[in-house]
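Have a look at the structure below before the remarks.
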Amino acid sequence: MKIAIGCDHGGYNLICAIKKYLEDKKIEYTDFGTDSEQSVDYPVYAYKVAKAVSSGEFDFGILCCGTGIGISMAANKIKGIRAAVVGNEFGAEMTRRHNHANILCMGGRVTTEDDAVKFTDIFLNTPEEGGRHDNRVAMITAIEDGTFD
Ligand code: RB5
């Protein structure tokens, strides 16, 4: 499994905790920055990670900003990306099972480091459910492609 990770200054603390988790679990990752709590623009890192995941080179992405919201909005502009803001364990599981999310987004100003690691562990270890969920995800893709109507 290969993971692309990125953050802005507001999510830097969470990404540090997540990097430690990935290293402990021996999960391969590439860090697309940022690398400090110096103020930066979250769309830059959303774009890098989302492009890396949409290219197929990475299985999943993890993005953190202050709330998880801005960075998810930017990531979701890239074709093939389903970036989900997660703030609880149920959401971490269900966005994999039902939405087939491929990028996990969290906020350093709303989620603790321990919870972010817990949500990451759930997200990376939960499979996609097929059936009606495949159909719904295909609808999301059709909206993206402009073929939904
Ligand atoms: C940066 O101050 C903050 O706006 C950003 O981290 C994020 O929360 C945006 O959604």
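Atom set for the values below is all heavy atoms of this structure, side chains included, hydrogens, waters and symmetry mates excluded. For ligands, and for the atoms within them, numbers begin at 1 and follow the listed sequence.
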Query raised in the report: Which word best sums up how the rings of H98 and H133 line up, parallel for under 30°, tilted for 30 to 60°, or perpendicular for over 60°?
Result: parallel
Query raised in the report: Can you tell if the side chain of E144 reaches within under 4.5 Å of the side chain of K79, non-hydrogen atoms only?
Result: yes
Query raised in the report: With a 4.5 Å heavy-atom cut-off, do R82 and N99 have their side chains touching?
Result: no
Under 3.5 Å: N or O atoms of ligand 1 paired with protein N or O:
residue  : atom   : partner : partner atom : Å
ligand 1 : 2 (O)  : R109    : NH1          : 3.3
ligand 1 : 6 (O)  : D8      : OD1          : 3.4
ligand 1 : 6 (O)  : D8      : OD2          : 2.6
ligand 1 : 6 (O)  : G66     : N            : 2.7
ligand 1 : 8 (O)  : G66     : N            : 3.2
ligand 1 : 8 (O)  : T67     : N            : 3.0
ligand 1 : 8 (O)  : T67     : OG1          : 3.3
ligand 1 : 10 (O) : T67     : OG1          : 3.3
ligand 1 : 10 (O) : G70     : N            : 2.9

Side chains of residues 134-142: which donor-acceptor partners sit under 3.5 Å, not counting sequence neighbours?
residue : atom : partner : partner atom : Å
T141    : OG1  : V137    : O            : 3.2

Query raised in the report: E28 versus L22: any side-chain heavy-atom pair under 4.5 Å?
Result: no
**Report entry** Beyond-backbone contact of M106 with I62, side-chain heavy atoms, under 4.5 angstrom
**Finding:** yes
